[in-house]
Amino acid sequence: MDGTLAEIAIAHGGSRVQNLGWFTGLEVGQNDRAEINLSAAKAEEILKRLGLFGLKYITIHDGINTNTDTSLGHPTRCWPREHWKEFVRLFKASFPDIKVVQLGGNKSQLFDFADISLVGKTTVADLPYILDNALLHVDGESGMVHLANLTRARCVVLFGPSKADYLAYA
């Protein structure tokens, strides 16, 4: 019924976050931000440990998390590997000095074409610091995008078949 709820919300000018407001009585809008306060010292520690300190980088994530059911194959809402490979090729052709850092958990595909793979090498607590210092985060519609929205990160989110009108931030 998620799709039906999305259609109703969109028809009434709403969204996923605005539904939270409607259902709870709180005044919450889709683009309201509640940026988390991150420690500069901890950011330096984490980025040094992961080899990112002082680097210009973007992050990419295939949209697959530990709760994604992959038993039937590649999820329809996640961009295929070939598309990611082409994106990275085009990006590196235009921005060769900016590193492409892949993030992900135990179900993420490993992208051997990323400059740095942190798949399975980070904790959830590391992620806000990594995202906060990225020039950009590119992802499918996933929980990591919602986390990135709590940092200074800018995101490009790949939608389909999810409804961008329902789930997207500005």
Side-chain angles (χ1 to χ4, degrees), residues 15-17 20 28-70 74-160 162 164 167-170:
S15 62
R16 177 190 55 83
V17 173
L20 293 174
V28 179
Q30 185 68 2
N31 295 307
D32 291 349
R33 295 190 43 120
E35 202 170 290
I36 53 179
N37 187 16
L38 299 172
S39 158
K42 187 165 183 171
E44 183 175 336
E45 169 198 327
I46 290 169
L47 295 177
K48 282 182 177 177
R49 176 172 44 86
L50 297 171
L52 300 177
F53 187 75
L55 295 181
K56 287 184 178 179
Y57 66 90
I58 68 166
T59 53
I60 61 173
H61 177 246
D62 64 3
I64 297 175
N65 63 44
T66 55
N67 295 320
T68 301
D69 181 5
T70 56
H74 192 74
T76 58
R77 70 179 181 90
C78 298
W79 227 21
R81 177 185 177 84
E82 301 78 39
H83 290 34
W84 282 111
K85 187 173 185 176
E86 182 66 2
F87 167 77
V88 170
R89 185 188 70 74
L90 292 169
F91 181 84
K92 294 300 287 186
S94 296
F95 305 100
D97 297 332
I98 299 175
K99 300 292 185 193
V100 175
V101 177
Q102 184 188 8
L103 302 175
N106 63 356
K107 290 190 178 179
S108 290
Q109 317 173 58
L110 289 174
F111 294 158
D112 56 358
F113 44 86
D115 294 311
I116 300 169
S117 175
L118 295 179
V119 173
K121 299 177 184 174
T122 61
T123 66
V124 172
D126 294 335
L127 294 174
Y129 294 94
I130 297 166
L131 294 165
D132 191 59
N133 286 278
L135 299 171
L136 179 70
H137 178 66
V138 184
D139 201 340
E141 188 275 306
S142 76
M144 198 165 318
V145 171
H146 302 301
L147 178 60
N149 193 54
L150 300 175
T151 72
R152 296 175 296 171
R154 289 298 196 215
C155 298
V156 172
V157 183
L158 309 165
F159 283 94
S162 304
L167 295 167
Y169 301 106

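These numbers come from a predicted model, not from an experiment.
F113 and F111 have parallel rings, their planes meeting at less than 30° on a 0 to 90° scale where 60° marks the start of perpendicular.
Between N133 and A43 the shortest heavy-atom distance is ND2-CB, 4.1 Å. Across all non-hydrogen atoms, the minimal contact from F91 to V100 is CD2-CG2, 3.8 Å. Heavy-atom minimum distance, Q102 versus A114: CB-CB, 4.0 Å. Across every non-hydrogen atom of I36 and P128, the tightest pair is CD1-CB, 3.7 Å. Between I46 and A125 the shortest heavy-atom distance is CD1-O, 4.5 Å. Between A148 and H137, the shortest heavy-atom distance links the atoms CB-CD2, 4.4 Å.
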Check against side chain to side chain contact (heavy atoms under 4.5 Å, CB included), V101 and L50 = CA-CA 11 Å; V101 177; L50 297 171; over 6 Å; no
Step-by-step side chain to side chain contact (heavy atoms under 4.5 Å, CB included) determination, V157 to D139 | CA-CA 5 Å; V157 183; D139 201 340; 5.6 Å; no
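Here OG1 of T123 is found 7.5 Å from CD1 of I130. Values are rounded to the nearest 0.5 Å. To the nearest 0.5 angstrom, T59 atom OG1 is 15.5 Å from K99 atom NZ. Rounding to the nearest 0.5 Å places CG of L38 at 5.0 Å from CG of D132. Of the inter-residue distances, the one linking L135 atom CG with Y57 atom OH reads 8.5 Å to the nearest 0.5 angstrom. To the nearest 0.5 Å, atoms NE2 (H61) and CH2 (W79) are separated by 14.5 Å. Between L47 atom CG and D126 atom CG the span is 9.0 Å, to the nearest 0.5 Å.
Residues F87 and I60 have side chains in contact (heavy-atom distance under 4.5 Å, counting atoms from C-beta outward). Here the side chains of L55 and I116 are in contact, with some heavy-atom distance below 4.5 Å.
For D112 and R81, the salt-bridge test passes: some basic side-chain N is under 4.0 Å from an acidic carboxylate O. E44 has a carboxylate O that lies under 4.0 Å from a charged side-chain N of K48, or vice versa, which qualifies the two as a salt bridge. Using a 4.0 Å cut-off between charged side-chain N and carboxylate O, R89 and E86 make a salt bridge.
Within the structure, every pair that satisfies the side chain to side chain donor-acceptor pair (under 3.5 Å) test and touches residues 113-122, not counting sequence neighbours, is listed here: K92-D115.
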